[in-house]
S.K.: 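Input: one structure, supplied below.
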Amino acid sequence: MRVVALDFETFFHKKEYSVSKMGNWRYVHDDQFDPYLLTAYDGAESWAGRPEDFNWASVEGDLCIAHNAGFDKSVTEGLVELGRAPEFVVQQPWQCTANMCAFLADVRSLRDSIKVLEKRNISKAIRDDMSGVQWKDLNATEQTAMKEYAVRDAIECHSLWTKYSDRWPEFERNLSSLTMKQCRRGVRINVPLLREYIELLGSVIFELERSLPWTARGAKPTSPIAIAEECATVGIPAPPVKEDDEEGFDLWESTYGPKFAWVYAAGQWRSLRKLLSKFQTIEDRLRPDDTIDFSLLYFGAHTGRWSGGGSGLNFQNFRKVPLFLNKKLQVIKPPTGLSAKLLAAWKAEYVFKSIDERALIIPRAGKKFILADLSQIEPRVLAWLTGNVELLKMLKTMSIYEAFARQNMGWRGGVLKKEDADKYQMSKIQVLGLGFGCGWEKFIKIAAGYDVALTPTESQLIVSGFRETNPRITRFWATLDNAYRKSTKSDFRIGLPSGRELIYHDVRAEIRQKKNRTTGQFESKQVITSEVALRRKELYGGLLAENVTQAAARDVFGEHMLTLEEQTGDVLFHVHDEALMETELEVTTQDVEAVMSVTPDWIEGLPCAAEALEVPHYTK
DNA sequence: GTAGAACGCGCC
DNA sequence: AAAGGGCGCGTTCTAC
């Protein structure tokens, strides 16, 4: 099949009008939309000019490629709608060299791709300088320069494909194609509910802002300077930096919160503003059929996971728990650890209104939602990678938490969850929290996230106990750590079960200043660094184990997603191990679970399981 | 004036 | 010797 690289240059304005802020559909359907230049290159000939002057028939039946093909394809669709390009172009296959480069070298932009793969520097200055500039604003010389620049990009894109596409497996290309399809397809929005939420949230934020002592003095709501000044005025210490000292921050909040309501307010304001911005973004992007498109980045993380960015709206961080409001429109939170029944009672008594952002996503007419997640995929993969065959066998008849308790916590009884809920919970936090080398301090925080309070001594005992009774896991860390250290002065490569590789470039032993956690003093420490996605990172055994596990789990999920899309229904979007499906009414949760329970043939012996639920809207 | 660091907050 | 990680985006403030 002949391959044609296409590259559009379109009008943009960095701050007000750009794809990265607006997403593909909204950008293409704005009054300012102006694709003033199209370049094409088929490996022999290049062309540059107005898109409507292009001989589209000449690319019929070709594979169209582009760097960020999701964008160029959207532009083409926009042109089709305007009658300026023929329909067949968007029906034939497209593929994306930016996605290919993300897979091959953990980079996306054309500039970075050429830098890493071709060891050359190309300039994007001409394009960067076009912010806010119209084609007609350019003189003849500038227009020629622009054409030459754009042709060069089309040629670079084509060359990348020619040179490297055979290293991009079919499976990955299919995931890339599916990702582009999902982003364009988008989801249906409950528009009346969206409008209700926007209005309600606006009032909540207004009330909250009014309650801050420093906003009256003209300071910004979350200004750290203004907050520190207020603290000084009332004679309390300023809050510690949360990122550096979370416990200190929590202590500060719980100490002074009861006395000064504004202690919680800055954090709350951030959280609410974030939510409101998201709602407004969704509203801005509504298409005529009440759906919106979104962006998911194929291979957005170096482990291969997708990331949720790229267009100012992240579909991978919808709040799980709704926002609860009392009659005064203040945010309230249920006490931790309530049963479903008690939570319902709490809501009935205290909650005036709630805001559930996940409820905004609803099925299209005549379709239904099935929400499915892959059960404990990471600990299962870790057990597989470390050869814990006995544990994997036990999963045929019990949960991984019960199996772990039998293997490591001396459980000899029946169904653990029913017979000893506390032990079950203790097993769960260990399985989820200790597989990748976390220490006792961090483990206290992880446990707290599951409503389990641990003292330092308890945490230390659990962590050391876990390491003693799980030598396969600690050996796995050590093996990776040793192999990584031995790769100094070269690249470190880890083969994954699916056949692809994780690569850490240019491994180096370095001396860095590190804070000793007990003394608080900085000391010289040796660390082993390497380059990942053009950034130098410190890595060690536990972290490498985590990367490998995450990467392998992603591949398993990818297999399932392709099958689901092919056999079961539309996979609207996904968040690492859960997929929201929009299906025909006759499709059952069992159909979905059956697909997600299949073990890919390259990871024989890994038991996969899934839980699928029919839901009226996206939910936790 | 704008870019980017720093920080905080949302998810798995 | 010990060390959980992977993301994106909104706001504020500093540096250029």
Side-chain angles (χ1 to χ4, degrees), chain A residues 14-15 20-21 106 128 131 219-227 239-246 249 266-278 280-281 294-297 299-321 323 357-358 373-374 376-378 382 429-430 432-443 445-446 449 463-464 466-467 473-474 477-478 481 514-518 523 525-528 532-533 537-551 553-554 557 573-579 620:
Chain A
K14 254 183 195 168
K15 292 195 83 174
S20 59
K21 293 222 181 315
D106 302 320
D128 294 341
S131 177
K220 301 273 174 64
T222 59
S223 162
I225 296 170
I227 294 168
V241 173
K242 198 172 176 180
E243 232 167 55
D244 301 346
D245 180 12
E246 203 174 341
F249 183 88
Q268 230 169 52
W269 189 89
R270 278 200 184 91
S271 160
L272 297 174
R273 273 297 315 173
K274 194 174 158 69
L275 193 59
L276 181 58
S277 305
K278 195 167 189 170
Q280 287 165 337
T281 303
F294 55 83
S295 161
L296 268 185
L297 295 177
F299 231 94
H302 74 93
T303 54
R305 294 220 297 205
W306 284 258
S307 67
S311 70
L313 175 62
N314 189 341
F315 260 54
Q316 293 192 321
N317 69 349
F318 279 82
R319 295 175 73 116
K320 285 183 71 153
V321 181
L323 207 62
E357 59 174 326
R358 294 195 181 206
D373 76 283
L374 206 42
Q376 314 96 30
I377 186 63
E378 289 196 4
L382 179 62
I429 60 177
Q430 291 184 62
L432 298 178
L434 293 179
F436 306 119
C438 125
W440 66 268
E441 287 168 303
K442 183 80 180 175
F443 188 59
K445 290 180 191 167
I446 292 174
V463 171
S464 57
F466 178 92
R467 292 180 184 179
I473 289 178
T474 53
W477 302 341
D481 203 70
K514 289 279 166 191
K515 201 173 187 178
N516 182 315
R517 273 190 323 195
T518 36
E523 295 166 2
K525 292 276 179 190
Q526 191 196 49
V527 293
I528 313 294
V532 180
K537 290 196 170 188
E538 288 172 27
L539 292 115
Y540 50 88
L543 176 44
L544 291 164
E546 200 277 341
N547 281 190
V548 177
T549 306
Q550 191 181 100
R554 170 273 187 194
F557 185 70
F573 66 96
H574 52 97
V575 190
H576 311 310
D577 60 3
E578 75 174 26
K620 71 172 172 178

S.K.: C:dG6 C1' sits how many Å from A:I446 CD1, rounded?
M.R.: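 Rounded to whole Å, this separation is 14 Å.
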S.K.: Look at the side chain of A:W477 and the backbone N and O of A:G435, then say whether any donor-acceptor pair between them is shorter than 3.5 Å.
M.R.: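 Yes: the side chain of A:W477 pairs with the backbone of A:G435.
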S.K.: Could you check whether A:K278 gets within reach of a base, just the sugar-phosphate, or nothing at all, counting any heavy atom under 4.0 Å?
M.R.: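 Touches nothing.
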S.K.: Where do A:S311 and A:S295 come nearest, in terms of heavy atoms and distance?
M.R.: OG-CB, 3.4 Å
S.K.: Between P on C:dG5 and CH2 on A:W477, what's the gap in Å once rounded to a whole number?
M.R.: 12 Å
S.K.: Please round to the nearest 0.5 Å and tell me the distance separating atom CD of A:Q430 and atom CZ of A:F443.
M.R.: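 CZ of A:F443 is found 5.5 Å from CD of A:Q430.
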S.K.: Does the side chain of A:P221 reach to within under 4.5 Å of the side chain of A:R273, using non-hydrogen atoms?
M.R.: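 Heavy-atom side-chain distance check fails, nothing below 4.5 Å.
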S.K.: Does a nitrogen or oxygen in the side chain of A:K537 sit under 4.0 Å from OP1 or OP2 of C:dA3?
M.R.: no
S.K.: Would you please name every residue forming a ring-ring contact (aromatic ring centres under 6.0 Å, His included) with A:H576, sequence neighbours left out?
M.R.: none
S.K.: Could you check how far CG of A:L297 sits from C1' of C:dG6, rounded to whole Å?
M.R.: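 It is 14 Å, rounded to the nearest whole Å.
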S.K.: If I take atom CG in residue A:L275 and atom C1' in nucleotide C:dG8, what distance separates them, rounded to the nearest angstrom?
M.R.: 15 Å
S.K.: Would you kindly give the CG-to-C1' distance between A:L544 and C:dA2, to the nearest whole Å?
M.R.: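 After rounding, the gap between these two atoms is 14 Å.
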S.K.: Reading DNA chain B in the 5' to 3' direction, which nucleotide is the first one with an atom under 4.0 Å from a heavy atom of chain A, and which is the last?
M.R.: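 So the outermost contacting nucleotides come out as B:dT2 to B:dC12.
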S.K.: CZ of A:F466 versus P of C:dA2: gap in Å, rounded?
M.R.: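 Distance check: A:F466 CZ to C:dA2 P gives 16 Å.
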S.K.: Give one of base, sugar-phosphate or nothing for A:S271, where a contact means two heavy atoms less than 4.0 Å apart.
M.R.: sugar-phosphate
S.K.: Assess the residue pair A:I473 and A:L382 against the criterion (side chain to side chain contact (heavy atoms under 4.5 Å, CB included)); give the C-alpha distance rounded to whole Å, side-chain angles, the decisive distance to 0.1 Å, and a yes or no.
M.R.: CA-CA 8 Å; A:I473 289 178; A:L382 179 62; 3.9 Å; yes
S.K.: Given atom CG of A:L432 and atom P of C:dG6, what is their separation to the nearest angstrom?
M.R.: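 Result: 18 Å.
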S.K.: Identify whether any heavy atom of A:F318 sits under 4.0 Å from a base atom; if not, whether one sits that close to sugar-phosphate; answer base, sugar-phosphate or nothing.
M.R.: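 A:F318: backbone/sugar contact only, no base atoms under 4.0 Å.
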S.K.: Base, sugar-phosphate alone, or nothing: which one does A:G267 contact when heavy atoms must sit under 4.0 Å apart?
M.R.: sugar-phosphate
S.K.: When you check the gap from the basic side-chain N to the acidic O, do A:E378 and A:R305 get nearer than 4.0 Å?
M.R.: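 Yes.
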S.K.: Between the base of C:dG4 and the side chain of A:E546, is there a donor and acceptor pair under 3.5 angstrom?
M.R.: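 Side chain to base: pair found, below 3.5 Å.
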S.K.: Looking for any heavy atom pair under 4.0 Å, which part of the strands does A:R554 touch: base, sugar-phosphate only, or nothing?
M.R.: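 It contacts nothing in the nucleic acid.
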S.K.: Nearest-Å distance, CG (A:D481) to C1' (C:dG4)?
M.R.: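 About 14 Å, once rounded to whole Å.
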S.K.: Around atom NZ of A:K220, are there more than 12 heavy atoms from other residues, nucleotides or ligands closer than 6.0 Å?
M.R.: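 At most 12 heavy atoms, drawn from other residues, nucleotides or ligands, come within 6.0 Å of this atom.
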S.K.: Applying the side-chain contact (heavy atoms from CB on, under 4.5 Å) criterion to A:T281, which one of A:L313, A:N314, A:L276 satisfies it?
M.R.: A:L313
S.K.: Can you give one letter per nucleotide of nucleotides 9-16 of chain C, going 5' to 3': B for a protein heavy atom under 4.0 Å from the base, S for sugar-phosphate only, - for none?
M.R.: BSSSS---
S.K.: Would you indicate, yes or no, if C:dG4 has its OP1 or OP2 atom less than 4.0 angstrom from a side-chain nitrogen or oxygen of A:Y540?
M.R.: no
S.K.: Heavy-atom distance under 4.5 Å between the side chains of A:R554 and A:T303, does that happen here?
M.R.: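 Counting from C-beta outward, A:R554 and A:T303 never come under 4.5 Å.
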